[in-house]
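A quick write-up on the structure given underneath.
The structure displayed is predicted, hence computed values, not measured ones.
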Amino acid sequence: MSLQRLIDDALAQTPPGRCVWVALSGGLDSSLLLTLAATAGRRHPRPLRALHVHHGLQPAADGFERHCRRLCSRLGVPLFVEGVAVDRSAGQGLEGAARAARFAAFAGRVAPGETLWLAQHRDDQAETFLLAALRGSGVRGLAGMTMGRDWRGRRLERPFLAMARPTLEAEAGRRGLAWVEDPSNDDETLDRNFLRHAVLPLLASRWPHAGEALSRSAVLAGEADTLLGELAGLDLERLGGDPARLKLDGLAWLSSDARRRLLVRHCCARLGLPTPPARRLATLLAQLGARQDAEVRVAWPGAEARVWRGQLYLLAPPEPLPVDWQAGWDGRSPLVTPWGEVRVSLGRGDGAPVRLQVVPRRGGERLRLPGRGRRDLKRLLQELDVPPWARGRLLVVRLGETAVAVLDPVDEAWLALGEGWVSRGAAPGGSPRPAGRPPPAPDR
C-alpha cells in the first residue's frame, strides 16, 4: 500500500466533522505526514490543523517554526504554535521533560473529541523497545508506542508506526519535500540518538531485519499487556471495582505477589497516577499486613499509597489548603475553592436567601443533625469512615458562627447537612474517595 493510500484510509476512518491535528515538528516525518494529510483532505474533507510546539531549547528552534509556517501556508493548513518551558529539574532527563512539555501543549490546544496524529515510525518504535529493555521495563514499557489509543478524551493516532524510515525518505524525495534537521539529533550523548546512530546500524549489519523484528516484539508485548490488563480488570471487579480503594483481604486472596503488583499498577493507570517503581511497590506489598490501627504511607513521585482500616488507598499527594482561605457563598452559585469550582447547592428548607461563609475545617466544630442533636464533627467523620488524610481538605459551611454543613470539595459531596438545611447536590453521608485524581497521563 502506498503512503498516500495509507493516509487516505486513515482520514476516511475519522468521523466526518471531527478535527484532525497533525503534530508538526518540521522534520521529515511530520512534514510528510501533514503533506499527505492535506492531499487526503481533498478526497475526504475533514477539518485539518497543524500544531507546532516551540521548545526554545536551541537557537535553531526559530528556524523550525519558520519552516512550519511556510509549509502550512503552501498547503493551506492553519498552523497553531505553542511555546513551552521545559522543566529540566523534574528528574525525567531532557528528553523526558521535553516530551512532557509537548504533551501538555497538545492537551491545551487539541480539544476533547478531536484527533491528534503523530509521525513516529517503525524505527522510532525499535528505539523505544530497546530503551525500555535496557531500563528493565515490563511488558507495558516494552510495548512502546501504540498505533491508536484514547487519551484524555482525545484520539491519538500514529499512522506511520508500521513504516520504516527509508520508506518515508523515498516518498519525501519523490515529492521534492523540504524539511528541517534538528541539530540535536546528532548528539550521541542522548540515549535515543546513540541507539539510532551507533547501535541499530550495527544490529542491522548482522541482522538486516532487526528494526522490523524489534517492532514486532513491541507489538507482541502490547498484546501481552492487553491480556494482563484484562486479568487485572477481573481482579479489580472481584475486589469491589474501585481502583482507588482495595480491600486487603481481597489482595491477600490473589495467588501471588506478581498478581498483586499487576493489580496495583493497573489501578494506578486507571486513576491516571504514576506507577510505583519496583522498590516502592515491594515496600508497599510488604506492609499490607500491618495491624488494623496502623496508618501506613508509601510515596513515590506524583502518587502515594496508604493502608487504613483494612483497605489500600491509591491517591495523588493532597494539595495543602491555604491557611487563610475562606469564601462567601449564596448557596446557589458554583463555589470556587482552591481545587476548582464545586457545583453543589445548599439552603434552608424554607427556601429563604442565605449568606454563608465557607472555611477550612479547624477542629472542635459541632453540627446539629436531624434527630441526633449536636454532634462533634471529629466523631462524625470517624463514623463516616473518612480517612485521616482526607479530613484536612474538608470545608465547613457556616451561617454566622454556626456550622451548618460539611463539604468534601474534591469529591463534590456533602458529608453532613445540619438540621433544617437541604441540598440539590450530592447526597450527604456518602463514603468519600481519596483526593486528587488527575487526568490520565500519556503513557505511550
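- Electrostatic pairing of Arg238 and Asp235 counts as a salt bridge here, judged by a charged N lying under 4.0 Å from a carboxylate O.
- Side-chain atoms of Leu231 and Arg259, non-hydrogen and from C-beta on, do get closer than 4.5 Å to each other.
- Nearest heavy atom pair, residue Val342 against residue Thr337, reads CG2-CG2, 3.7 Å.
- In the displayed structure, Arg43 atom CZ is contacted under 6.0 Å by more than 12 heavy atoms of other residues, nucleotides or ligands.
- Ala327 and Leu335 get closest at one heavy-atom pair: CB-CD1, 4.4 Å.
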**Prompt:** Could you walk me through whether Leu281 and Arg265 pass the side-chain contact (heavy atoms from CB on, under 4.5 Å) check?
**Reply:** CA-CA 9 Å; Leu281 186 50; Arg265 292 191 182 106; 3.7 Å; yes
**Message:** One pair to check against side chain to side chain donor-acceptor pair (under 3.5 Å): Ser31 and His67. What are the steps and the verdict?
**Reply:** CA-CA 9 Å; Ser31 296; His67 165 77; 3.2 Å; yes
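- For the pair Leu131/Asp191, a side-chain contact is recorded, criterion being any heavy-atom separation below 4.5 Å from C-beta on.
- For Arg362, the CZ atom counts as densely surrounded, since its 6.0 Å shell holds more than 12 non-hydrogen atoms of other residues, nucleotides or ligands.
- Listed here is the closest heavy atom pair of Gly328 and Gln357: CA-OE1, 3.9 Å.
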**Asked** Passes side-chain contact (heavy atoms from CB on, under 4.5 Å), Val81 versus Arg69? Steps please.
**Response** CA-CA 9 Å; Val81 177; Arg69 291 191 181 280; 3.5 Å; yes
**Request:** Please report the C-alpha distance between Phe106 and Trp151 in whole Å, then the side-chain angles of each, then the deciding distance to 0.1 Å, and finally whether the ring-ring contact (aromatic ring centres under 6.0 Å, His included) criterion is met.
**Result:** CA-CA 11 Å; Phe106 294 158; Trp151 172 70; 7.1 Å; no
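- The minimum heavy-atom distance between Ser25 and Phe64, with the atom names listed, is O-CB, 3.9 Å.
- Under a 4.0 Å N-O distance rule, the pair Arg216/Glu212 does not qualify as a salt bridge.
- Counting heavy atoms from C-beta outward, Leu315 and Leu271 have side chains that stay 4.5 Å or more apart.
- Asp29 places none of its side-chain heavy atoms less than 4.5 Å from the side chain of Gln120.
- At least one side-chain heavy atom of Pro166 sits less than 4.5 Å from a side-chain heavy atom of Asp123.
- A perpendicular orientation is assigned to the rings of Trp308 and Trp389, their planes being inclined by more than 60° (bins at 30° and 60°).
- Residues meeting the side-chain hydrogen bond (donor to acceptor under 3.5 Å, both in side chains) test with His266, sequence neighbours left out: none.
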**Request:** Kindly indicate, with the supporting measurements, whether the criterion side-chain contact (heavy atoms from CB on, under 4.5 Å) is fulfilled by Leu312 and Cys267.
**Result:** CA-CA 11 Å; Leu312 170 65; Cys267 290; over 6 Å; no
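- For the pair Leu36/Phe160, a side-chain contact is recorded, criterion being any heavy-atom separation below 4.5 Å from C-beta on.
- Put simply, the side chain of Ser217 gets close to the backbone of Ala213: a donor and an acceptor are under 3.5 Å apart.
- Asp124 has its side chain within reach of Arg196: a pair of non-hydrogen atoms, C-beta onward, lies under 4.5 Å apart.
- In summary, the side chains of Asp8 and Gln4 do present a donor paired with an acceptor at a separation below 3.5 Å, with no hydrogens or angles considered.
- Counting only heavy atoms from C-beta outward, the side chains of Arg297 and Arg306 approach each other to under 4.5 Å.
- Across all their heavy atoms, Pro243 and Leu314 have their closest contact at O-CD1, 3.7 Å.
- With a 6.0 Å radius and a threshold of 12 heavy atoms from other residues, nucleotides or ligands, Arg18 has its CZ atom above the threshold.
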**Request:** In sequence, state the C-alpha distance, the side-chain angles, and the governing distance for Arg192 and Asn185, and then conclude on side-chain contact (heavy atoms from CB on, under 4.5 Å).
**Result:** CA-CA 9 Å; Arg192 187 175 288 274; Asn185 286 341; over 6 Å; no
**Asked** Stepwise, does the salt bridge (charged side-chain N to carboxylate O under 4.0 Å, His left out) test hold for Arg66 with Asp62?
**Response** CA-CA 6 Å; Arg66 286 193 295 271; Asp62 290 339; 5.2 Å; no
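- Arg393 places no side-chain N or O within 3.5 Å of a backbone atom of Val410 that could act as its donor or acceptor partner.
- Applying the ring pair (Phe, Tyr, Trp, His ring centres under 6.0 Å) test to pairs two or more places apart or on separate chains, none has a residue in residues 174-233.
- The two residues Pro159 and Leu118 make their nearest non-hydrogen contact at CD-O, 3.6 Å.
- Partners of Asp150 under the side-chain hydrogen bond (donor to acceptor under 3.5 Å, both in side chains) rule, at least two apart in sequence or in another chain, are Arg155.
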